[in-house]
Amino acid sequence: MVAGTDISPREAEVLELVGAHLSNAEIGARLCISVRTVESHVSSLLRKLGVPDRRALAQRAPEPAGAGPSHPAPVLPASLTSFIGRERERAELTEMIKARRQVTAVGPGGVGKTRLALAVAAEAAGEYADGVWFVDLVPVTDPGMIATAVAGALGLGEQPGRDMTASVVAALADRHALLVLDNCEHVVDGVALFLERLLATCPRVTVLATSRARLMVPFERVYQVPPLSLDVDAVALFMERAAAVGWPLDPPLRDQIASICERLDGMALAIELAAARYPTLGLDGITVALSHPLRMLTGGSRADERHRSVRAALDWSHALLEPADRALLRRVSVFVAPFTAAAAAEVAGSEEGLVADGLARLAEQSLLVVTASPGGTEYRMLETIRQYGTERLAEAGELVDARSRHLRWCLAKAAGLAVVRTDWRARFDLVADDLRAALAWAADRPEQRTDAYDLARHLAELTFTRHLTGESQRRYEQAAALATDPAASASMLRQAAAVAGCRTLGDDMYRLRRAAADAARSSGDSAGAGADLATAATIAFRFSTTFVRLPPREEALALITEARERAGDDPAAQAAVALAEAAVLTDAFGAAQGPPGNAVPETIARAERAVELARRTGDPLAESAALDALTGAQSWAGDTFATAATARCRITLLSSMPISPAGTHELIDALGIVTEASLGAGDVPGARRWARQLAEHPSLAEVGHRATCRLLMVDALTGNVDEVLTGSVRFLDAWRRAGSPARSLLRPAVAAVAMIHGLRGDHAAQREWQEVLDQLGASKEHTYGYGAVFDAMLLLHRGQAPKALERMAPEPGQVWKWVTWIWHHWYVALRTEAAVLAGSPDARDRLAEARTIVAGNPVADAMVKRAQALLDDDQERLLATADAFDTAGCRYQSARALVLAGGGHAARGAAALADLGLAPLALPDNPMMTSE
């Protein structure tokens, strides 16, 4: 806990995880609280610790026990010195942001826009229920990265299926918040596009921007930031800064100070630079020194007189430096993020000791801001000074040389980040903006194309590891465009397609695989092109639910035809073609555009051939994809146990693979399938293990509804009520943040939660979840599959066996497509018990048939045996099923068996139900039934 602050234990937990650079969604998943709650804690911590933004907050976090040294981003310079004066401006700007949706504080560099905006934001914090958030855009060199910078400040990650702007807009849609965007001038176009989407969708968000020029967006109101008042504020600033360096000034000197400030036109940055020289020059020396550059600039072409004063002060400060320090100042201006002395030495091409001394002298003259961090001393330039340094670099003819050294430094840093350690996120975040800036420069220079390709490839890999999947895909595509070898381009496009898969963007997966085929053709790799074409066809069917524009079956067939022609005798290409044939010709994946009927034997045969050929390649990813086709074929055939076994084989193949886009995409799919297949076979512990692994997968942190949907289903079926209630908070919160997508994948989880609330007797909550289910849309699977199972469980709990039997009236063979996946055994067992409890005359015949179907499934078998015991009035065998349910991990069914046993056992069962938080079981008139 941070000393001297009133931080609650929960806030301390949140603070530690902010320090670990986790997003709000990741923190919420870790602490089992909603993202909205995390946001409230972060906003409270910002106020209590008096820091301007999330980066500063991360620095205040305690270092996790056992962690290695970290390098969190520094506190912004604005928070390192006191704010002086500007009472009128603060009041005016405060009133303006209350009345307007978007205000831009405009003025030349050095006038004090950032400090004023921070002061106003701090004073207004209490007016915004969802907090005030500060975003420094200085390190952003790509206009397309505005949303990523905002997301970093808000603690948001990218949601698969959305770009980062959409993720930010969705998160802020119903928020009452103030967003401060600082230093917009160099990325005005990107800011304008971002704000148009944000302001149109988020009616309670106010944006305060600072810029040297208007943003030209709807709703904008411009506030011209004036210089400091010469009679009061400017003098006070000079005196305060002079006192800060150990040289307090006497009040009688105010007139002389005012004269200096007048020469500097009241520009805050210029005054601070002058005050830093007071210990060595005195007021007289400053007065004399300032005269020369001001005269030089009098006849200049600069239209803004106030801008001239800042330029004059910078020229003056620069002229007073030793030649070595001038060179150092201009060379370190290539850094857009905080840097160390060691980094500066590499880029400046000098010894670290000499550079460290030079940096200290520059800091003494207020040309650098110094910040202490756990990783050592860090330096940063204010943006105005950085731009000045870059101009000087170009004038000296050193720009290309310095940027080339910076590029090499970035390449070395990127390579060093390949090994993921405890502090990896902090180390990446510290250099990420420099990597992006170096790539932006190198990508436009033909002579740097090889290095630009390498950096783009590294950045693609690093951003994927950092879960910035949208940027990762773009960087892979950028690397493909920069590659001089078409084979390398094809490789990058395949990686980009895999990242698109992780983002659930089927259209992009398909497009990029076809582009990879084109690149492979250009390189002379006919077999590789064939494999890419076949894979594109497979994607169209295997991941059909992730498409916006679904490729028709005829298009996929044409791809397979060309793929066969190009495959030749290449094993990998032949395996890819075989999988495409299983997917498209026999619809092993049950795609939306698949043929209307399934020829089960042919589907299994084609899937088995695909597995055999994939296994010969030695590629675990190819084999896993083929096994997925076999899983689908086996499930349609109703072979429950073979389906589960095949699904487990995929996990075994993938569990030891290193992190990669294709591996991650395949693993997430495999975890979902093995969870459902295990549950269908009655392997409850296995299903919970896989579902938990899926729920905790870092790639799904921002989409908690996708992460938890299988776990909710497992916990609901087995009676883990507390886990369902906790997980449903994350599910609903994430689903709403994602825009309430109507994904069929989510329907069973929602139906499961609704059932649990029904078992609890909470009708209001049950109705709420039923409304969510209605939004997701109806399906035959709901009617005949999971919907029938969950409805029957609830009806039986309420003692309404005849209604449960009516709900499951169709014979399994009549609705086989909808119950042969994971629901077959559950459907048969529940239907049999309903028949017994409802007194159906054919109950004994159904029992005989059910015993054969569910044999080997510990849960369904126990349910059928319980029904048999009820029919035979055999209490001993009925109690034995309670033990079987306990062993299988089904607490609810165990308690139900005890209640049905009657007598003292019923009291134990009722107590167990109460412990689970469920309503009492309603018994039929005679639970211990005998046959007619």
Side-chain angles (χ1 to χ4, degrees), residues 679 681-685 716-721 755 759 789-805 807-808 825-916 918-932:
L679 191 61
D683 179 11
V684 170
L717 284 169
T718 55
N720 296 320
V721 178
M755 179 199 71
L759 294 176
V789 168
F790 293 134
D791 287 349
M793 286 180 64
L794 182 55
L795 290 168
L796 289 173
H797 185 87
R798 292 173 174 172
Q800 298 173 320
K803 287 187 176 181
L805 185 59
R807 179 67 178 86
M808 308 183 84
H825 290 182
W826 291 86
Y827 188 94
V828 168
L830 285 166
R831 190 169 180 269
T832 301
E833 184 169 316
V836 169
L837 292 175
S840 176
D842 63 348
R844 197 168 292 280
D845 292 336
R846 294 191 184 196
L847 276 165
E849 182 182 6
R851 279 196 299 270
T852 301
I853 293 173
V854 306
N857 182 321
V859 178
D861 183 66
M863 292 171 71
V864 171
K865 287 179 177 176
R866 180 173 62 194
Q868 183 75 62
L870 287 168
L871 188 61
D872 294 342
D873 196 10
D874 189 331
Q875 188 182 66
E876 183 178 349
R877 281 197 292 162
L878 182 55
L879 292 173
T881 66
D883 294 335
F885 285 125
D886 277 331
T887 301
C890 288
R891 301 163 65 195
Y892 168 72
Q893 295 296 347
S894 175
R896 175 176 167 79
L898 290 173
V899 173
L900 289 173
H905 305 295
R908 285 197 298 123
L913 289 174
D915 288 342
L916 292 174
L918 300 179
L921 187 69
L923 295 174
D925 292 338
N926 182 14
M928 297 296 293
M929 293 191 172
T930 56
S931 59
E932 294 286 326

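The figures that follow rest on heavy atoms only: side chains count, while hydrogens, waters and symmetry mates do not.
- At distances below 3.5 Å, not a single donor-acceptor pair connects side-chain atoms of Arg866 with backbone N or O atoms of Leu900.
- In this structure, Ala850 and Val828 approach most closely via the heavy-atom pair CB-CG1, 3.6 Å.
- Side-chain contact check for Leu717 versus Met793: some heavy-atom pair is nearer than 4.5 Å.
- The side-chain hydrogen bond (donor to acceptor under 3.5 Å, both in side chains) check on Gln868 picks up Arg851, Asp872, with sequence neighbours excluded.
- Considering all non-hydrogen atoms of both residues, Trp826 and Leu679 come closest at NE1-O, 3.2 Å.
- Put simply, CG on Asn857 and CE on Met863 are 9.5 Å apart, with the number rounded to the nearest 0.5 Å.
- The distance from the CG atom of Asp874 to the CG atom of Leu879 is 9.0 Å, given to the nearest 0.5 Å.
- Residue pairs satisfying the side-chain hydrogen bond (donor to acceptor under 3.5 Å, both in side chains) criterion with at least one member in residues 880-889, sequence neighbours excluded, are listed as follows: Asp886-Ser894.
- Between the CG atom in Leu870 and the OG1 atom in Thr832 there is a gap of 12.0 Å [rounded to 0.5 Å].
- Looking at every heavy atom in both residues, Ala884 comes nearest to Ala862 through CB-CB, 4.1 Å.
- Across every non-hydrogen atom of Gln875 and Gly902, the tightest pair is NE2-O, 4.4 Å.
- Among residues two or more places apart in sequence or in another chain, the ring pair (Phe, Tyr, Trp, His ring centres under 6.0 Å) test is passed with Tyr892 by His797.
- Here the side chains of Asn720 and Leu916 are not in contact, with every heavy-atom distance at 4.5 Å or above.
- Sorted by first and then second residue, the pairs that involve residues 891-908 and meet salt bridge (charged side-chain N to carboxylate O under 4.0 Å, His left out), not counting sequence neighbours, are Glu833-Arg896.
- Remark: Asp683 pairs with no residue by the side-chain hydrogen bond (donor to acceptor under 3.5 Å, both in side chains) rule, at least two apart or across chains.
- Among all heavy-atom pairs drawn from Ala804 and Ala834, the shortest one is CB-CB, 4.1 Å.
- Between Val899 and Ala910, the shortest heavy-atom distance links the atoms CG2-N, 3.5 Å.
- Leu805 contributes atom CG, which lies 11.5 Å from atom CG of Leu830 (distance to the nearest 0.5 angstrom).
- Annotation: side chain of Val864 is not in contact with side chain of Ile853 (no heavy-atom distance under 4.5 Å).
- With sequence neighbours left out, the salt bridge (charged side-chain N to carboxylate O under 4.0 Å, His left out) criterion links Lys865 to Asp861.
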